[in-house]
A.B. asks: 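I'd like to ask some things about the structure below.
Reminder, nothing fancy here: chain letters follow the sequence lines and each chain counts from 1. The structure displayed is predicted, hence computed values, not measured ones.
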Amino acid sequence: MIESPYYRAEHEVFRQRVRRFIEDECLPHQEAWQKACKPPRELWRKAGHEGLLCPKVSVEFGGGGGDLYHCLVIMEEQTRVCFNDLAFYLHSDIIAPYIEFYGTNEQKRRFLPRMVTGELISAIAMTEPGAGSDLQSIRTSARRDGDTYLLNGQKTFISNAQNADLIVVAAKTDPQAGARGISLLILETAGADGFRLGRNLKKIGCKVQDTSELFFGDVRVPVENLIGEVEGQGFYQLMRRLPEERLIMAMSAVANMECAVEETVAFAKATSLGGKTLIEDQNASRKLAECKTTTTIARAYLERCIDLFIEGRFDANAGAMAKWWTTEKCSEVIDDCLQLHGTGGYMREFRVGRRWADARLGRIAGGANEIMKDLVGRSL
Amino acid sequence: MNTAADLRSGTWPATSLPYGEDHQIFRDSARRFFETECVPHREAWDDAGMAPREIWKRAGDLGFLGPRIGEAFGGSGGDLLHGVAAVEEQVRAGVIAPLLWVHNDIVAPYVVQYGTPEQKLAILPKMACGELVGAAALAEPGTDGDPLAIRTQARCESGDYVISGRKTFVANGATADLVVVSARTASGISLFVVPTEGLAGFSRGPLLDKLGQRSADTADLLFDEVRLPVASLLGGQEGQGLTQVNERLVEEQLMMGVGAVALMEAAIEHTVVYTRERKAFGHRIIDFQNSRFRLAEARTEAAVCRVFLERCITRFMQGRLGFSEAAMLKWWSTEKQCQIVDQCLQLHGGYGYMLEFPISRMWLDGRGARIWGGANEITKDTIGRAL
């Protein structure tokens with residue numbers, strides 16, 4: 001049960017709606033989508049119809065006008081059935097805010113309402129081969145040519161790209177300027193000449209979430225698609241969003257490890273081991289006690305972080321701490337849970353194995369944990 | 001040298017606790033007391049193996065004994081947060097003796113919570129002024145951690161109890177004049193509150209030689225046919241001892257969490273100062289990537305612990321902190337405290353091994369916390385059984 005002054009009855013009502021949707025519209029297709037390595041396009045429309053997309057986007061643009069606890073609810077409900085690789089959060093909580101917070105009124109009106117309904121599916125393209133967490137050294141360029149930018153370059157590890165109608169692309173509008181030369185452009189993929197979707201990359205986990213390479217060869221993007229209409233703001237726009245993005249990653253990590261522990265406790269109660277149940281075994285019981293302690297503490301920490309965020313008191317440092325710590329603990333705890341399952345834990349039919357593989361991404365994505373520690377360390 | 005107190009910064013997560021102005025005044029005055037009246041004597045008290053009796057009186061005069069004892073009983077009627085502030089300031093100052101928290105948070109609450117009105121009136125005012133120093137004598141040789149296994153007996157004899165047995169690892173054992181003792185009675189285990197002055201048959205063993213916390217006296221207490229009036233039975237009813245001990249554990253473990261978090265924070269702050277000042281191979285130690293990573297880890301773990309601690313404190317004040325959560329806080333925070341202090345010592349290099357640096361004392365003094373108040377393994381069993 002969430003213990004926060006900001007978590008209200010309406011969140012619980014929302015939770016029931018989300019749960020129904022995930023169970024009725026998604027769960028029956030889980031395996032098929034995992035095999036296809038992407039969810040179907042129609043799913044987004046359905047999710048939009050049920051109010052699952054962009055819960056935080058302002059009502060003015062058709063969004064839910066909610067807060068981070070709405071995002072948490074969606075994340076938790078997906079994770080409960082091991083469906084955290086359905087990357088709604090990316091569209092709703094990572095990408096939409098770029099347009100809502102930094103976009104012009106015209107951009108907001110053009111894109112946000114259709115993102116809310118699922119008519120437009122979005123992706124964000126930052127990483128390049130050879131430039132991971134180090135954003136300043138990206139090489140994709142956007143050269144002004146009349147009323148358009150000419151986009152050239154290559155991106156990789158881009159989630160949601162297979163279905164994406166709009167892609168927020170980080171590109172250098174001034175290749176000489178380093179961080180100050182970066183801008184964010186909205187690429188509309190329909191009929192974009194010179195844009196090519198590369199392979200849907202095969203991943204260790206997070207199977208439903210498609211992740212692709214992108215290629216741009218003289219792709220024309222109209223100047224009115226420059227987010228905020230001023231060049232060179234991209235790096236700062238990205239930086240300012242990091243605390244919340246990292247907090248969202250922490251949500252996913254906490255939800256995932258909690259579910260694993262819950263499932264493992266149930267498993268340990270139902271499994272016999274030499275005349276008793278597994279949970280009566282001293283080592284198993286202590287291991288589970290440790291896991292339960294970690295998740296209980298992580299939960300308290302997460303809720304405090306969300307509350308501080310809502311109060312406007314959650315900075316870059318706090319985001320880095322929350323991200324590395326929860327994703328690290330998530331992997332540790334789920335690894336212990338997998339071990340307690342024995343060989344069954346290695347079979348994909350048990351959720352714990354899939355959770356284990358999914359969790360691994362958290363320590364890399366959104367700024368590798370080493371980068372997080374460096375950031376925190378530099379603040380001391 | 002900078003002390004951790006000078007460095008207390010706003011970078012810790014903002015507190016969620018309802019601290020008021022009087023808590024701050026109390027905290028400031030506690031800090032002054034520890035820094036000016038205890039820190040200068042630390043080494044002398046280490047050598048003596050205990051702090052002098054006068055420092056207890058002084059602590060009493062200043063209101064640091066039983067800050068939570070009600071005004072009707074001579075206390076200052078504070079709340080849990082006064083207790084928290086006292087423990088935090090003592091830990092941050094690096095002061096072990098006088099071991100106020102044993103007196104304030106272990107012994108006095110037994111009387112407050114379970115004592116008869118007569119017991120409260122007779123004992124609490126004296127505890128609040130420092131006339132009586134408290135100790136809890138529960139463990140016995142060979143029973144460590146298992147309150148059920150004790151052998152000390154209290155038999156009824158012509159209207160009195162007669163107690164015989166030996167208690168060990170009694171904190172404040174050499175100083176205490178009021179001891180809460182567990183013993184077997186006809187209807188199970190019972191607790192007695194025992195003023196020791198002039199008590200026939202009562203004696204103390206020599207000071208136990210500990211790895212750390214050397215200025216805090218720890219001793220065995222011996223009861224040889226000690227005759228006590230019926231009025232010494234805590235709460236006036238036999239057989240309640242085990243329940244009382246178990247119920248009190250939640251708050252004791254909570255206060256251990258307070259101490260553990262304060263200690264890890266102090267260790268980190270000392271280490272940040274040290275690694276900023278000290279150079280190696282031409283660079284400040286803090287500029288090495290490994291130092292930054294280790295300190296970032298420690299700082300994050302400490303922040304997480306503090307958030308959980310505050311949640312536990314809040315729940316306790318609302319009367320709904322459960323056994324499992326208190327147990328989680330206890331084992332986790334003391335385990336993390338030792339890991340962090342150890343890492344901080346490592347970052348000090350050779351100086352970390354020298355007793356003149358605070359980090360070395362923290363390393364030695366902190367180790368006990370994983371053992372007492374329910375060894376961490378036992379504590380995990382409590383959680384495991386509740387799953």
Side-chain angles (χ1 to χ4, degrees), chain A residues 3-5 250 261-262 264-266 268-269 277-305 307-308 311-315 317-318 320-326 328-329 369-380, chain B residues 9-16 268-269 271-273 275-276 286-312 314-315 318 320 322 324-325 327-333 335-336 376-387:
Chain A
E3 262 187 56
S4 157
V261 172
E262 213 171 286
T264 309
V265 168
K269 283 180 178 168
T277 59
L278 178 57
I279 204 162
E280 291 168 300
D281 173 75
Q282 189 182 53
N283 177 67
S285 164
R286 284 191 183 161
K287 272 279 166 225
L288 280 169
E290 289 172 5
C291 290
K292 182 75 180 176
T293 303
T294 310
T295 58
T296 304
I297 290 173
R299 162 63 58 173
Y301 178 54
L302 175 70
E303 290 178 10
R304 180 78 184 130
C305 288
D307 290 351
L308 286 171
E311 292 163 9
R313 299 194 285 164
F314 190 79
D315 62 10
N317 216 6
M321 282 187 180
K323 191 269 176 180
W324 87 255
W325 190 79
T326 54
E328 208 76 29
K329 292 297 144 188
N369 283 1
E370 290 69 23
I371 307 285
M372 299 301 105
K373 290 181 190 176
D374 208 52
L375 220 129
V376 176
R378 282 178 198 282
S379 76
L380 293 175
Chain B
S9 57
T11 54
W12 297 107
T15 186
S16 61
I268 293 165
E269 296 192 339
T271 308
V272 169
V273 169
T275 54
R276 270 186 197 150
I286 202 169
D287 292 331
F288 288 99
Q289 189 188 50
N290 179 67
S291 314
R292 270 204 311 276
F293 275 37
R294 299 294 87 81
L295 281 168
E297 287 163 2
R299 189 65 163 248
T300 308
E301 297 267 12
V304 172
C305 280
R306 170 145 302 276
V307 167
F308 187 61
L309 171 67
E310 291 195 351
R311 177 174 281 209
C312 289
T314 303
R315 286 195 178 190
Q318 294 167 345
R320 55 192 190 97
S324 278
E325 285 162 314
M328 287 175 181
L329 175 69
K330 194 273 170 179
W331 85 257
W332 177 278
S333 63
E335 210 73 34
K336 289 294 162 195
N376 284 2
E377 291 69 23
I378 307 293
T379 306
K380 288 178 194 174
D381 285 345
T382 310
I383 301 161
R385 273 194 298 272
L387 288 173

A.B. asks: Can you measure from CG (A/Asp307) to OG (B/Ser16) and round to the nearest 0.5 angstrom?
C.D. replies: 9.0 Å
A.B. asks: If you measure from CD on A/Glu290 to CD1 on B/Ile383, what distance do you get to the nearest 0.5 Å?
C.D. replies: 9.0 Å
A.B. asks: Check the pair B/Arg385, A/Ser285 against side-chain contact (heavy atoms from CB on, under 4.5 Å), reporting the backbone distance first and the verdict last.
C.D. replies: CA-CA 7 Å; B/Arg385 273 194 298 272; A/Ser285 164; 5.7 Å; no
A.B. asks: For A/Glu3, is it the side chain, the backbone, both, or neither that has a heavy atom closer than 4.5 Å to a heavy atom of chain B?
C.D. replies: both
A.B. asks: With a 4.5 angstrom heavy-atom cut-off, is it the side chain or the backbone of B/Glu377 that approaches chain A, or both, or neither?
C.D. replies: both
A.B. asks: In Å and rounded to the nearest 0.5 Å, what is the CZ to CG distance from B/Arg292 to A/Leu380?
C.D. replies: 10.0 Å
A.B. asks: Would you compute the distance between atom OG1 of A/Thr294 and atom CE of B/Met328 and round it to the nearest 0.5 angstrom?
C.D. replies: 9.0 Å
A.B. asks: Does some side-chain heavy atom of B/Glu297 sit less than 4.5 Å from a side-chain heavy atom of A/Lys373?
C.D. replies: yes
A.B. asks: Only pairs of heavy atoms separated by less than 4.5 Å count here; which of A/Glu303, A/Gln282, A/Arg313, A/Lys287 has the most with chain B?
C.D. replies: A/Glu303
A.B. asks: Just by modelled atom types, is the B/Leu387 backbone N or O under 3.5 Å from a matching donor or acceptor in the A/Lys269 side chain?
C.D. replies: yes
A.B. asks: At a 4.5 Å cut-off on heavy atoms, which part of A/Leu375 comes close to chain B: side chain, backbone, both, or neither?
C.D. replies: neither
A.B. asks: Rounded to the nearest 0.5 Å, what's the gap from OH on A/Tyr301 to CD on B/Glu301? Could you check?
C.D. replies: 9.5 Å
A.B. asks: Give the member of A/Arg378, A/Glu280, A/Lys292 that has the highest number of heavy-atom pairs under 4.5 Å with chain B.
C.D. replies: A/Arg378
A.B. asks: Yes or no on side-chain contact (heavy atoms from CB on, under 4.5 Å) for A/Val376 and B/Phe293, after CA distance, side-chain angles and deciding distance?
C.D. replies: CA-CA 8 Å; A/Val376 176; B/Phe293 275 37; over 6 Å; no
A.B. asks: Can you tell me how far the OG1 atom of A/Thr293 sits from the NZ atom of B/Lys330, to the nearest 0.5 Å?
C.D. replies: 12.0 Å
A.B. asks: Kindly write out the residues that satisfy side-chain hydrogen bond (donor to acceptor under 3.5 Å, both in side chains) with A/Asp281, not counting sequence neighbours, or none if the list is empty.
C.D. replies: none
